[in-house]
Peer 1: 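After the structure tokens below, expect a handful of questions from me.
Because the structure is a prediction, the values reported are computed rather than measured. All residue numbers in this chain count up from 1 along the given sequence. For ligands, and for the atoms within them, numbers begin at 1 and follow the listed sequence. Just the heavy atoms: all of them, side chains too, but no hydrogens, waters or symmetry mates, feed the values below.
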Amino acid sequence: MKSTITLSASYQLEFWAQGPGSIRIVRDDDLLWQVPAFSSHPDFFRYHHREVGVVTLEWDRSEAILWAYGYDPQTVTETGITIFEFGAEGLALRTGPEIDARLRSDPARPVMHFSPIRQWMNDPNGLCKIGETWHIFYQFHPAGTDWGPMHWGHAVSTDLFNWTHLPVFLHPEQNLWRLGATGGAFSGNAFEDRDGSRMFFYTERLPAYDLFKGYREVQKLARPGRGLLHATSVETVIAVRPEADGVDHDFRDPKVWWDEGARAYRMALGSALFGDPAVLLYGSDNLIDWSYLGPIYRAPAHYRENGARAVECPDFFPLGDKWVMLMAFVGYTEPATGRHNLSFALVGEFKDDAFVPDTGELQVLDFGTDFYAMQTFRAGERQVAFAWLFNWEDRKPAGSPYSGEMSLPREISLDSTGRLLMRPSAELQNAWRADPLVREADGSFKLNDAPFELFITGNLEGSRVAATERDALAFEIVVTGGRVSVRLPQDDGRIRYEAECALAADLRIIYDRGIIEIFADNGAICGTRRSYTNIAPDKIEIMSSARFILSERQAV
Ligand code: FRU
């Protein structure tokens with residue numbers, strides 16, 4: 001196959017390919033660049049064009065090119081990447097609105113929620129706002145729709161809802177596919193120093209040949225190049241875990257801050273201490289040399305005894321006059337409900353490098369559990385967050401071009417009793433109009449294939465909300481006995497997704513093609529589910545003695 005395109009002087013084409021197959025870039029009769037034969041494992045390639053001109057791309061097997069895009073570094077932050085879709089009919093190039101239109105044409109893809117154009121995505125990383133631009137980085141496997149060697153994908157937005165996709169920001173330090181290994185550029189955070197310089201701290205899992213043992217995780221500092229397009233300088237800042245102190249496996253997902261109290265830099269790391277999930281504290285005066293200061297949290301034995309292997313993606317930040325610690329307990333199964341991989345919050349004091357929670361009781365972040373690796377960041381006066389809507393329980397049906405979605409952007413606050421509250425961020429109102437739906441004669445509501453939102457206020461006890469697609473259950477939410485629960489078609493009762501509602505006086509449900517986000521008690525009780533069955537409900541019934549408003553959400 002062949003296709004002729006015009007490239008600008010500094011155009012870059014980046015792609016991942018796996019053989020058999022080959023590609024050539026030709027101008028007139030000159031060969032400019034080629035890969036004569038792709039390997040039997042995925043490889044990354046970058047072609048850098050050097051002068052304006054028309055070139056012909058020639059390739060033989062479209063399916064060998066796993067993910068490809070091009071861009072001009074001068075303009076890409078405004079235009080976004082151009083995706084290159086190699087097909088039997090030739091090459092299709094799509095940029096900006098054409099990418100959006102393409103993504104929206106997939107009936108199984110949520111429209112309000114961020115998802116990668118193609119391939120696998122997990123945790124949000126490096127979240128930050130620079131000037132008026134929001135940045136989302138994410139764990140990304142460019143060579144497939146399953147988890148694999150980790151990279152950092154990148155997108156920007158000015159309204160938190162409409163995203164411009166940018167080139168891959170970080171690559172693993174080695175070609176892990178070639179090594180037959182996993183690992184790579186794992187999760188981390190953005191850090192802005194007091195002089196305004198920006199950098200990212202993250203974990204590199206070095207080539208690992210077994211998912212659950214024998215791997216080494218090191219902490220790295222990445223500084224971005226011009227335009228924040230690529231990490232251009234990367235150095236290892238913590239090379240060994242404190243083995244002698246009882247840390248002998250997981251050791252990752254750094255969160256760094258300048259600590260006014262200590263007048264020094266601090267880093268929290270997710271880990272395990274003698275097998276108990278734990279958060280470790282490191283200190284530094286220069287961001288390069290770090291020393292271990294000890295654990296700032298160690299989970300009670302109950303969690304280890306019920307499968308918890310480590311804390312992942314810890315977050316630790318001041319909010320008002322308190323400090324908030326967020327943690328995901330990987331491997332944990334809650335005996336009472338069967339839910340696993342729960343995320344928790346603790347609120348307390350942080351003084352002299354010691355964290356003292358106000359209460360020993362962990363607040364469950366999300367009773368639906370399809371909400372993992374939440375990362376927060378400061379944006380002006382607000383603490384904003386995204387989480388990955390996944391929990392390894394269910395996955396997208398085979399054949400989907402991508403896997404993974406982010407939650408709606410949320411704002412984090414504390415109530416007067418010190419409970420953590422999460423609410424959709426204010427930008428939702430500007431980016432998505434709410435058009436109230438009208439009740440049918442039988443009392444139900446007809447739904448169109450658009451996101452919708454339901455607000456119920458008053459006494460929720462006895463309320464039931466059931467959405468169906470051609471009379472088959474899409475989801476059901478019930479408030480009874482002071483508990484809110486959510487049920488999907490595939491739930492067989494083995495796992496119970498429910499939470500106690502102290503007030504049971506307000507409930508907000510946002511639905512977007514299989515994603516159900518529930519906010520109750522003013523955001524103190526949140527539950528998220530990602531369903532892959534009956535995701536286009538055509539009818540919803542709301543049984544409640546409380547007042548409610550059901551609206552369809554339309555992009556502004
Ligand atoms: C959480 C996590 C992190 C890790 C990353 C790897 O989902 O396991 O702990 O950094 O994903 O992709």
Side-chain angles (χ1 to χ4, degrees), residues 116 119-127 136-154 168-173 176-177 181-190 200-208 210-213 215-222 238 241 247 249-256 267-272 277-280 299 307-316 326-332 340-344 365-366 369-376 385-393 395 402-407 528 530:
Q119 313 298 44
W120 168 275
M121 174 182 85
N122 53 290
D123 315 354
N125 292 158
L127 303 176
I136 194 167
F137 298 84
Y138 53 88
Q139 289 284 284
F140 183 55
H141 179 215
T145 51
D146 271 323
W147 189 83
M150 279 291 121
H151 296 59
W152 279 32
H154 185 194
V168 165
F169 177 75
L170 253 179
H171 292 249
E173 68 170 35
L176 296 168
W177 300 289
T182 64
F186 272 23
S187 285
N189 271 265
F200 299 87
F201 286 89
Y202 70 101
T203 299
E204 180 96 28
R205 182 182 285 184
L206 300 175
D210 184 300
L211 201 51
F212 292 113
K213 52 176 203 253
Y215 48 75
R216 177 180 290 272
E217 293 173 329
V218 302
Q219 316 313 324
K220 289 185 166 183
L221 161 55
I238 303 180
R241 57 193 173 213
V247 178
H249 47 91
D250 307 74
F251 180 59
R252 62 176 172 274
D253 308 339
K255 164 84 185 220
V256 169
M267 178 193 289
L269 279 170
S271 190
V279 178
L280 312 181
R309 173 183 169 80
V311 167
E312 292 189 316
C313 302
D315 201 345
F316 193 51
L326 304 175
M327 300 172 282
F329 283 12
V330 63
Y332 175 58
H340 47 251
N341 297 329
L342 288 146
S343 296
F344 298 104
L365 261 192
D366 191 288
T369 73
D370 286 337
F371 185 91
Y372 198 73
M374 180 166 93
Q375 182 174 103
T376 76
F386 282 97
W388 171 44
L389 305 186
F390 199 82
N391 195 357
W392 301 101
E393 182 68 22
R395 52 175 58 228
Y402 80 99
S403 175
E405 290 108 8
M406 294 300 176
S407 64
T528 307
R530 176 53 166 114

Peer 1: If the plane angle is over 60° it's perpendicular, under 30° parallel, otherwise tilted; pick one for Trp388 and Phe390.
Peer 2: parallel
Peer 1: Tell me whether Arg216 at atom CZ has more than 12 heavy atoms from other residues, nucleotides or ligands lying less than 6.0 Å away.
Peer 2: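 Result for CZ/Arg216: open.
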Peer 1: Can you tell me which residues line ligand 1 if we count any heavy atom under 4.0 angstrom from one of its atoms, in chain and number order?
Peer 2: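 Heavy-atom contacts below 4.0 Å: Asn122, Asp123, Gln139, Trp147, Met150, Phe186, Ser187, Arg252, Asp253, Glu312, Tyr372, Trp388.
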Peer 1: What distance separates Asp146 CG from Gln119 CD, expressed to the nearest 0.5 Å?
Peer 2: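 Reported to 0.5 Å precision, the distance equals 10.0 Å.
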Peer 1: Between Glu217 and Phe251, is there a donor-acceptor pair closer than 3.5 Å when you use the side chain of the first and the backbone of the second?
Peer 2: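 Side chain of Glu217 to backbone of Phe251, a donor-acceptor pair under 3.5 Å: yes, one is there.
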Peer 1: Say you draw a straight line from CG of Asp253 to CD of Glu312; how long is it, rounded to the nearest 0.5 Å?
Peer 2: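 One gets 6.0 Å once the value is rounded to the nearest 0.5 Å.
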Peer 1: With rounding to the nearest 0.5 Å, note down the distance linking CZ in Arg530 to CD in Glu405.
Peer 2: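 These two atoms lie 4.0 Å from each other.
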